[in-house]
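Below is one structure, written out as structure tokens, with a few remarks after it.
Values below: every heavy atom of this structure, side chains too, minus hydrogens, waters and symmetry copies. Positions are given from 1, in the same order as the sequence printed here.
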Amino acid sequence: MGHRHDVDRCIGVIMAGGGSTRFGGRPKGLERVGRARLIDRVADALRTCCDDLLLVANDPEAERWIPGVTVRRDVRPNEGGLGGLHAALTHAAAPVIVVAWDMPFVTGALLQRLRTCDPTADAVLPWSPGPRGVEPLCAWYAPACLPVITRCLDAGERAMVGFHHLVRLTVLPEGEVRTFGDPSELFLNVNTTDDLARAQAIASR
């Protein structure tokens, strides 16, 4: 296979799943952190290391969010984040780097490292201080993951890490992740108004 990461196209996928009830129904990715919307910050990071962008979203307004970016819906609705990853790999038909649209501080340099880290892997995820030990919504996935994810969904498994033992997984270690920034900021999710305030404070430093 060789260094397939370098020769294959890689699609950057903005994952805009989930509800936004904490923001009064307003899509959270359209909130601003610093001078840019969350979704634009994610798109800018992905553009630095991907050949094209794709937005996976079920919101009927999604076509208007980033002009010129293709929008696709979940193939299997109501299957959570794993359903979103299934959609990303289905529509991209290529390796993908996925980033949740509410992670304003993911860097292009980190994403580039995930893309080129291990040519033999099916999935490359960064170490994370969170409960799962890795961050599945800031990660590189090969098309080989799709049939495995499909089988997991068919079996009722919706955990984002539920298929990892069935694929060739590489984890970017903590020490290397930290060279790109503080992991608690790199992988900060804006889920609440408190999170948004924290993100705005970080961006204004």
Side-chain angles (χ1 to χ4, degrees), residues 5 8-108 110-112 114-115 123-125 135-150 152-153 158 160 163 187-192 195-196 199:
H5 294 211
D8 279 358
R9 293 179 78 239
C10 182
I11 308 300
V13 182
I14 304 163
M15 302 274 279
S20 301
T21 51
R22 297 185 183 100
F23 291 96
R26 173 181 164 82
K28 61 183 177 181
L30 306 185
E31 298 289 339
R32 288 187 174 272
V33 167
R35 296 180 179 178
R37 299 177 304 170
L38 292 167
I39 195 172
D40 293 324
R41 295 175 73 103
V42 171
D44 288 347
L46 285 166
R47 282 192 179 102
T48 67
C49 60
C50 296
D51 302 298
D52 204 355
L53 290 189
L54 178 68
L55 173 60
V56 172
N58 297 312
D59 191 305
E61 298 294 312
E63 301 277 354
R64 303 180 184 180
W65 290 346
I66 315 179
V69 171
T70 300
V71 179
R72 292 288 182 264
R73 300 173 72 89
D74 285 344
V75 180
R76 300 176 61 133
N78 306 312
E79 297 272 21
L82 193 60
L85 179 55
H86 174 276
L89 286 164
T90 300
H91 294 305
V96 297
I97 295 176
V98 303
V99 180
W101 72 328
D102 60 357
M103 283 188 191
F105 302 117
V106 169
T107 68
L110 170 61
L111 299 178
Q112 176 66 27
L114 295 175
R115 179 176 179 176
V124 181
L125 286 80
E135 182 41 74
L137 284 172
C138 172
W140 180 95
Y141 298 97
C145 292
L146 181 57
V148 182
I149 291 169
T150 301
C152 286
L153 290 172
R158 293 185 185 179
M160 284 297 294
F163 69 97
F187 306 129
L188 173 66
N189 281 110
V190 177
N191 285 317
T192 66
D195 294 337
L196 184 61

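Atom CG in Asp74 sits 4.0 Å away from atom CG in Asn58 (nearest 0.5 Å). How far CG of Leu54 is from CE of Met15: 10.0 Å, rounded to the nearest 0.5 Å. The CE atom of Met160 lies 11.5 Å from the SG atom of Cys152; values are rounded to the nearest 0.5 Å. A distance of 8.5 Å separates CD of Glu63 from OG1 of Thr70, quoted to the nearest 0.5 Å. To the nearest 0.5 Å, atoms CZ (Arg41) and CZ (Arg35) are separated by 11.0 Å. Taking CH2 of Trp101 as the start and CD1 of Ile14 as the end, the distance is 10.0 Å to the nearest 0.5 Å.
Contact record, Pro136 with Ala139: O-CB, 3.8 Å, taken as the closest heavy-atom pair. Between Trp140 and Arg115 the shortest heavy-atom distance is CD1-CA, 3.7 Å. Shortest non-hydrogen contact noted between Leu55 and Ala62 is CD2-O, 3.9 Å. Nearest heavy atoms, Thr48 versus Gly108: OG1-CA, 3.2 Å.
Using a 4.5 Å heavy-atom threshold, the side chains of Leu30 and Trp65 count as touching. Counting only heavy atoms from C-beta outward, the side chains of Asn191 and Asp102 approach each other to under 4.5 Å. Within the 4.5 Å cutoff, the side chain of Phe105 has no heavy atoms near those of the Leu110 side chain.
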Inset, instruction - Could you check Arg47 against Val69 for side chain to side chain contact (heavy atoms under 4.5 Å, CB included), going step by step and ending with a plain yes or no? - result: CA-CA 11 Å; Arg47 282 192 179 102; Val69 171; 4.1 Å; yes
Inset, instruction - Walk me through it: do Leu111 and Cys50 pass the test side chain to side chain contact (heavy atoms under 4.5 Å, CB included)? - result: CA-CA 9 Å; Leu111 299 178; Cys50 296; over 6 Å; no
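Among pairs with a residue in residues 85-94, none fulfils salt bridge (charged side-chain N to carboxylate O under 4.0 Å, His left out), at least two apart in sequence or across chains.
Of the residues Asp195, Val190, Asn189, the one that meets the side chain to side chain contact (heavy atoms under 4.5 Å, CB included) test with Thr192 is Asp195.
Using modelled atom types, no side-chain atom of Tyr141 and backbone atom of Leu146 make a donor-acceptor pair closer than 3.5 Å. The backbone N or O of Ile11 sits nowhere less than 3.5 Å from a side-chain atom of Asp52 that would complete a donor-acceptor pair. Between the Asp59 side chain and the Glu61 main chain, a donor and an acceptor come within less than 3.5 Å of each other.
Partners of Glu79 by salt bridge (charged side-chain N to carboxylate O under 4.0 Å, His left out), not counting sequence neighbours, listed by chain and number: Arg76, Arg158.
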Can you give each donor-acceptor pair under 3.5 Å made by side-chain atoms of residues 81-100, sequence neighbours left out, with the distance rounded to 0.1 Å?
{"residue": "His86", "atom": "NE2", "partner": "Thr150", "partner atom": "OG1", "Å": "3.4"}
{"residue": "Thr90", "atom": "OG1", "partner": "His86", "partner atom": "O", "Å": "2.7"}
{"residue": "His91", "atom": "NE2", "partner": "Arg73", "partner atom": "O", "Å": "3.0"}

